[in-house]
2 protein chains.
Amino acid sequence: MAADAVSFEPVRPVRAYQRVAEQIEERILSGELPPGSRLPAERELVRQFAVGRSTIREALRVLQSSGLIRSRPGDPLGAEVLGVSPDNLSQALDRLARSHLSGLGELVQFRMALDAESYRLAARLHRAEDLAELERLAERMAELVAVDPRAFGEADAAFHRSLAEASGNALLALCARAVHDAVAGAIEGKLSRSGEEAEAWMLRSVEHHRQVLAALRAGDGPGAARLGRQALYDHYAEYVGAADRERLRAALDEA
Amino acid sequence: MAADAVSFEPVRPVRAYQRVAEQIEERILSGELPPGSRLPAERELVRQFAVGRSTIREALRVLQSSGLIRSRPGDPLGAEVLGVSPDNLSQALDRLARSHLSGLGELVQFRMALDAESYRLAARLHRAEDLAELERLAERMAELVAVDPRAFGEADAAFHRSLAEASGNALLALCARAVHDAVAGAIEGKLSRSGEEAEAWMLRSVEHHRQVLAALRAGDGPGAARLGRQALYDHYAEYVGAADRERLRAALDEA
DNA sequence: AGAGATCTTCTGGTCTGACCAGTCGCCTGG
DNA sequence: CCAGGCGACTGGTCAGACCAGAAGATCTCT
């Protein structure tokens, strides 16, 4: 142990822009720069950090690509602090999904796991107001069937988001949302239902939500989880290849 | 619908560096620039894209911060393409964990869900060589107990990685790894076990892996999932607050 | 001839200074 | 009071320069 204590670590060069980005990120994550606050102008940061403007700009680019800040030309107030957001997470998941590494099957299978867990937790831990909100959304969706498919889709997404948030785990909810978006992006275009099919699909969704709500009220975690898995299988099984369908079935069994 | 078709979308300015980054990212994600290949030198990219060097550099910074490429000063081959990796994901998770949005409890709870699902799938879908690899790793860990705690920890991480990969879902495996890293980062420092405690912990790990392997061989998905959840609870319950412990218990029940 | 030191020439990292097109606040003329 | 214009900012982009480091070529000494 003593010999380890005096051993040196290889010093790796730290770029100037990196240290600038780390300093600013630290202030944001610590809450010292809350969302909505403004960074000084670039030329002011140049003075404060005593580096060139290109260094400052590269640092700001990194922070911006992480979704921590947003800048707009001509804004006399400087870059806006956005705080931690799930956008970066969705972006990362999106990349994973878009790379040949993962196909639609893996994506849906992954979403099965996330949804099932959030349903299960929501059934066990939901608060009264969560349930009220979910019932409100479910009602609105029932009204929208055969009226406005687009609004129905949005309400559907909102329902799933609220359900995930009712699990009490914000991280789980964010990831579920990110994967939801990734699936939607992957299936975009393929999903071309005729009017009748769309209506049948909406009716099935409403029924599914009714069952999930019943499970939530009963506090039936495993039941809610099973419902979530089954609904995803029913929705997407027809869009994946044979091998992926086998995969999804495996995710369904014993669950 | 017709009225919608002729409506215009608000045009948002697209920065030059953004388009450069998108073009390069597209080539990487499509596989045209496989991992290990090299990008042209910056000055060459300046010529090809017909933009200034600072624009090129900001684009490369974005790609680098996403973990897609890596550049090294003086490298005559140009920036190296790394391909999609979970580093960006774990970085995003790390930020979420460090911000007040998510604490260690949520992180561990999330990991419970991912690990449980990957164990469950691995028990059902693993190939013979996966099992052989896992048994090899488990043996090596058993040898390392009380010899090299550091090497043991690495072998442990490798075991979990292989186990997640045996699930057949690369996306799930990458996310599990990212969350694993984020948890490790969040608990860093707090984890200061004495020699005896460390050895007891290692022995418990070996036993746990033995049980998991037995469940895998038996194809017992739910059993493997339960083992994974329980092991995480046992490992981390002492490090989280009372509220988070309740949360973890909820993730354990009925699973 | 082989091995080591030196040189050349590239790389990425950084800085400076400049210009442009926006955006906002102020101020003036109605 | 308000509309319009002026000016002083902003961020986005470019051009050119210098530096330290890395790699391969070259040279020198044994």
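Chain A is the first sequence line, chain B the second, and so forth, proteins listed ahead of strands; every chain is numbered from 1.
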Integer-rounded Å distance: dG13(C) C1' and E58(B) CD: 14 Å

Close approaches to DNA chain D from residues 15-27 of chain B, in residue order (heavy atom, under 4.0 Å): R15(B), A16(B), Y17(B)

Atom-pair distance (CD on E44(B); P on dG12(C)), nearest Å: 11 Å

Residue mapping more 5' on DNA chain C - nearest nucleotide basis, G74(A) or V51(A): V51(A)

Interatomic distance where CG belongs to L45(B) and P belongs to dG12(C) [whole Å]: 8 Å

Polar contact flag, side-chain donor to acceptor under 3.5 angstrom, D115(A)-H180(A): no

V62(A) backbone acceptor or donor facing S65(A) side chain under 3.5 Å: yes

Main-chain N/O of A170(A) paired with E106(B) side-chain donor or acceptor, under 3.5 Å: yes

Nearest-Å distance for atom pair CZ/C1', residues R53(A) and dG13(C): 18 Å

Note: E133(B)-R136(B) ion pair, threshold 4.0 Å (strictly below): yes

Nucleotide dC24(C), atom P - distance to CG of L77(A) in whole Å: 9 Å

5'-most by nearest nucleotide on DNA chain D - R43(B) or I56(B): I56(B)

Main-chain N/O of A178(A) paired to D181(A) side chain as donor or acceptor, under 3.5 Å: no

Candidates dC15(C), dT23(C), dA22(D) - which lies nearest the side chain of T55(A): dC15(C)

Candidate nucleotides dT11(C), dT16(C), dT10(D), ranked by approach to the side chain of S54(A) - the nearest: dT16(C)

Toward the 5' end of DNA chain C, by each residue's nearest nucleotide, E42(B) or P76(A): E42(B)

Minimum heavy-atom distance C175(B)-L93(A), with the two atoms named: SG-CD2, 3.8 Å

Least distance between heavy atoms, N169(A) atom then F110(B) atom: ND2-N, 4.0 Å

dC24(C) phosphate, OP1 or OP2, under 4.0 Å from R72(A) side-chain N/O: yes

Residue-level proximity of residues 61-71 of chain A to DNA chain D when a heavy atom falls under 4.0 Å: R61(A), S71(A)

Short side-chain N/O contact from R57(A) to OP1 or OP2 of dG12(D), under 4.0 Å: yes

Side-chain donor-acceptor pair present, R95(A), S66(B), cut-off under 3.5 Å: yes

Heavy atoms from other residues, nucleotides or ligands near CZ of R38(B) exceed 12 (cutoff 6.0 Å): yes

Nearest-angstrom distance from the residue atom CZ of R47(B) to C1' of dA15(D): 15 Å

For atom CD of E80(B) and atom C1' of dG12(C), their distance in whole Å: 15 Å

